[in-house]
Amino acid sequence: MGRIPCCEKDNVKRGQWTPEEDNKLSSYIAQHGTRNWRLIPKNAGLQRCGKSCRLRWTNYLRPDLKHGQFSDSEEQTIVKLHSVFGNRWSLIAAQLPGRTDNDVKNHWNTKLKKKLSGMGIDPVTHKPFSHLMAEIATTLAPPQAAHLAEAALGCFKDEKRTTKLSTRLSLTFQRLRKRNLK
DNA sequence: AAGCTCTTCAACCGCAATCAC
DNA sequence: TGTGATTGCGGTTGAAGAGCT
């Protein structure tokens, strides 16, 4: 029972693509296009499943793709669009010519999330952490809020780049403690 | 130089949406 | 209109290289 596999896994190669496989796939698509991914590996003489071929083509082999670093303006676009659309990577990638959803997703997860956190901005809500802490302080009971602020402070105190954030959290924490003591 | 940890990113997985009949 | 096949999408994984001790 269960889900029908997209292909016979026993007869299918997995893992990194070789230049030879890339050539086979590229030249087949150049001649026949990308209709029916299920048949493409068979007809192109590849021991891969159609899904793997489609991914390789859309994320790496397509001739219109950019392969270099993301520019500052591309990064700004991603951050802006992410604040509106969230993790709708294909929607975001559609606004960046030559970039794929996988590219954008990887770049967000490895670079931009950290960059925003380092600037004291929550990468999920795109609000400053201090603002979120203030919101928490008004929502939770004082002892819980103080406990949470202390935990958050502990998470960030060793990060050089988050000194400002740490200072802000520290102030929030102090305010909560005062409130708690009243 | 060796071993360990961290970072990056290509590739995979499974679900949802869409298509074809 | 229902159903199976195909495609698209977002989350996750793991290999490889870089950096650190």
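Residue numbers begin at 1 in each chain, while the letters A, B, ... track the order of the sequences.
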Quick test: give all pairs of protein nitrogen or oxygen and nucleotides 12-19 of chain C nitrogen or oxygen below 3.5 Å, distance rounded to 0.1 Å.
none

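Side-chain polar atoms of A:N23 and A:S26 form no donor-acceptor pair below 3.5 angstrom.
Dashed line: the shortest gap from a side-chain N or O of A:R54 to OP1 or OP2 of C:dT7 is not under 4.0 Å. Applying the 4.0 Å criterion to OP1 and OP2 of B:dC12, one finds that A:R48 has a side-chain N or O inside that range. Between A:R14 and B:dC13 there is a side-chain N or O to OP1 or OP2 distance below 4.0 Å. An OP1 or OP2 oxygen of B:dA11 is reached within less than 4.0 angstrom by no side-chain nitrogen or oxygen of A:K13. Taking 4.0 angstrom as the limit, A:S52 places a side-chain polar atom (N or O) nearer than this to OP1 or OP2 of B:dC12.
Regarding A:L55, its CG atom lies at a distance of 13 Å from the C1' atom of C:dG11, rounded to whole Å. Here B:dC13 presents its C1' atom at 6 Å from NZ of A:K51, a figure rounded to the nearest Å. B:dA10 atom C1' lies 16 Å from atom NE2 of A:H107, rounded to whole Å. Atom CG of A:L61 is separated from atom C1' of B:dA10 by 12 Å (rounded to the nearest Å). Between A:W37 atom CH2 and C:dC9 atom C1' there is a gap of 15 Å when expressed in whole angstrom units. Rounded to a whole Å, the CG atom of A:L112 is 12 Å from the P atom of B:dC9. Going from atom CG of A:N59 over to atom P of C:dG10 covers 12 Å, rounded to whole Å. Distance A:R38 CZ to B:dC19 P: 19 Å, rounded to the nearest Å.
In terms of heavy atoms, A:W108 sits closest to A:H126 at CH2-CE1, 3.8 Å.
A:I29 contributes atom CD1, which lies 7.0 Å from atom CG of A:L61 (distance to the nearest 0.5 angstrom).
Counting only heavy atoms from C-beta on, A:N36 has its side chain closest to C:dT6 among C:dT6, B:dT8, C:dC9.
Checked against the 6.0 Å centroid criterion, the rings of A:W89 and A:H82 qualify as a close aromatic pair.
Near-neighbour residues of DNA chain B inside residues 79-95 of chain A, defined by a heavy atom below 4.0 Å, are absent.
The residue among A:W17 and A:K111 whose nearest nucleotide of DNA chain B lies closer to the 5′ end is A:K111.
Taking the salt bridge (charged side-chain N to carboxylate O under 4.0 Å, His left out) definition, one finds that A:D22 meets it with A:R56, sequence neighbours left out. Remark: A:D64 pairs with A:R62 by the salt bridge (charged side-chain N to carboxylate O under 4.0 Å, His left out) rule, at least two apart or across chains. With sequence neighbours excluded, no residue forms a salt bridge (charged side-chain N to carboxylate O under 4.0 Å, His left out) with A:K113.
Judged as a side-chain hydrogen bond (donor to acceptor under 3.5 Å, both in side chains), the pairs with a partner in residues 27-36 of chain A (not counting sequence neighbours) are, in order, A:Y28-A:N43.
Remark: the backbone N or O of A:R99 is not paired with any side-chain donor or acceptor of A:D103 at under 3.5 angstrom.
Contact check on A:K66 versus A:E74 returns a salt bridge, with a Lys/Arg side-chain nitrogen under 4.0 Å from an Asp/Glu carboxylate oxygen.
As judged by a 4.0 angstrom heavy-atom cut-off over every strand, A:R56 is placed among residues touching the sugar-phosphate backbone only.
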